[in-house]
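Inspection log for the structure reproduced underneath, given as structure tokens.
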Amino acid sequence: MKSHEPGRRAFLNRSLQALSLLGMVGCDRLSRDASFQEILSSGETLSRVAHKALLPRKALAQEFSERDMSPYFRSNGTSNPDNPDYQALVANGFQDWRLKVDGMVENRLELSIAQLRTMPRRTQITRHDCVEGWSAIAKWTGVPLAHVLDAAHVHPDARFAVFHCADPMDGPGSAHYYESIDFDDAFHPQTILAYELNGRELPIANGAPLRLRVERQLGYKHAKYLARIELVGSLRDIRGGKGGYWEDGHGYQWYAGI
Ligand SMILES: Nc1nc2c(c(=O)[nH]1)N[C@H]1C(S)=C(S)[C@@H](COP(=O)(O)O)O[C@H]1N2
Ligand SMILES: [Mo]
């Protein structure tokens with residue numbers, strides 16, 4: 001991976017320096033520090049930088065044991081996409097469904113569920129935290145996203161994975177749900193494309209046949225009903241440019257670290 005562009009990197013360095021000062025100096029001095037002011041001006045940047053400074057890049061989200069699992073894992077948002085193409089896939093047991101991987105890749109992929117199931121798999125019991133205030137612990141099984149991206153040969157200038165979903169958000173024919181993550185999360189070992197929930201085929205209510213699990217972020221980042229993963233260098237040209245349905249339309253933060 002190439003490094004961030006110089007301006008951004010310098011900003012992050014200054015932010016990290018200012019954060020490290022937090023442990024050493026009093027608040028009055030910090031409040032006069034220009035770079036600290038700059039960080040405070042962006043709550044989102046602060047939370048992203050703090051999260052990354054405090055947790056090493058590969059830090060794992062907490063995993064639980066079978067006895068911690070919630071008796072029921074609810075559905076939230078779309079529970080059955082209002083989309084005739086999706087319903088035709090359901091009618092055929094998803095045999096004709098394919099996950100497309102394209103954009104800044106050398107090898108475009110079209111993968112069936114059967115093919116995804118032959119790839120390396122990972123099972124993890126994690127807690128899902130929804131921004132609306134509920135949490136539940138469940139067991140997820142799927143293929144690490146890193147494995148799929150490696151098979152696609154991602155271009156060195158790519159920076160983000162964008163997830164395009166099958167569910168229209170404002171009635172039939174309207175724009176579909178979408179989300180995006182950077183490569184720290186895309187290549188994180190707990191980031192999986194899940195096809196099983198609690199040891200059973202992923203239910204329609206929870207995103208069948210395939211949904212993202214990105215365990216260090218809030219629920220809305222975990223895109224369900226995956227249709228296509230697009231690799232891009234910038235989020236600028238994806239719809240409103242903020243990287244996701246909730247980010248573009250409802251002011252949610254793009255980086256939803258927990
Ligand atoms: N495609 C799609 N993905 C989505 C949503 C959605 O409505 N559509 N809702 C999000 C939200 S807000 C949450 S909390 C989780 C809910 O996942 P669940 O239905 O398995 O509980 O999915 C996320 N991913
Ligand atoms: Mo959510």
Side-chain angles (χ1 to χ4, degrees), residues 47 61 64 68-87 89-90 94 97-101 113 116 123-142 145 160-181 185-186 190-230 235 238-240 242-258:
S47 91
F64 298 83
D68 302 315
M69 281 163 51
S70 305
Y72 169 69
F73 192 87
R74 61 170 280 185
S75 167
N76 202 36
T78 305
S79 58
N80 191 2
D82 196 350
N83 170 352
D85 294 339
Y86 178 82
Q87 293 302 333
L89 294 169
V90 172
F94 294 111
W97 175 93
R98 295 290 182 275
L99 174 71
K100 292 197 178 72
V101 183
I113 279 292
L116 290 163
T123 294
Q124 59 204 28
I125 301 176
T126 52
R127 195 187 62 224
H128 179 100
D129 293 316
C130 172
V131 75
E132 291 165 20
W134 61 273
S135 298
I137 295 176
K139 178 163 76 176
W140 303 95
T141 299
L145 176 59
F160 303 94
V162 182
F163 301 87
H164 298 280
C165 306
D167 51 327
M169 294 304 285
D170 297 293
S174 69
H176 293 188
Y177 199 92
Y178 57 104
E179 255 306 338
S180 60
I181 58 177
D185 274 319
Q190 288 170 319
T191 299
I192 63 173
L193 302 174
Y195 44 71
E196 283 179 19
L197 166 58
N198 293 341
R200 304 212 169 132
E201 210 169 272
L202 186 66
I204 288 177
N206 304 103
L210 194 73
R211 65 99 51 84
L212 176 67
R213 294 298 308 168
V214 49
E215 304 293 355
R216 295 182 308 171
Q217 295 204 52
L218 290 171
Y220 64 89
K221 301 297 289 188
H222 300 229
K224 306 194 286 185
Y225 314 111
L226 293 179
R228 173 178 172 224
I229 302 176
E230 180 186 11
L235 298 173
I238 306 295
R239 309 268 195 90
K242 297 201 171 95
Y245 172 80
W246 292 107
E247 291 89 327
D248 277 335
H250 304 269
Y252 282 35
Q253 295 189 347
W254 175 77
Y255 188 74
I258 349 184

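Quick caveat, the model's predicted, so the values are computed rather than measured. Throughout, residue positions are numbered sequentially from 1 according to the sequence presented. Atoms within a ligand are numbered from 1 in the order they appear, just like the ligands themselves.
The residue from Tyr220, Tyr177, Tyr252 that alone fulfils the ring-ring contact (aromatic ring centres under 6.0 Å, His included) condition with Tyr245 is Tyr177.
For the pair Asn83/His176, a side-chain contact is recorded, criterion being any heavy-atom separation below 4.5 Å from C-beta on. Contact check for Arg211 versus Leu202: side-chain heavy atoms found under the 4.5 Å cut-off.
At least one donor-acceptor pair under 3.5 Å links the side chain of Asp248 to the backbone N or O of Gly240.
The six-membered or imidazole ring of Trp254 lies near that of Phe160, with a centre-to-centre distance under 6.0 Å.
Scored by the side chain to side chain donor-acceptor pair (under 3.5 Å) test, Asp82 finds no partners at all (sequence neighbours excluded).
Protein residues with a heavy atom closer than 4.0 Å to ligand 1 are Phe73, Arg74, Ser75, Asn76, Gly77, Thr78, His128, Cys130, Trp134, Cys165, Asp167, Tyr177, Ala205, Asn206, Arg211, Gly219, Tyr220, His222, Ala223, Lys224, Tyr225, listed by chain and number.
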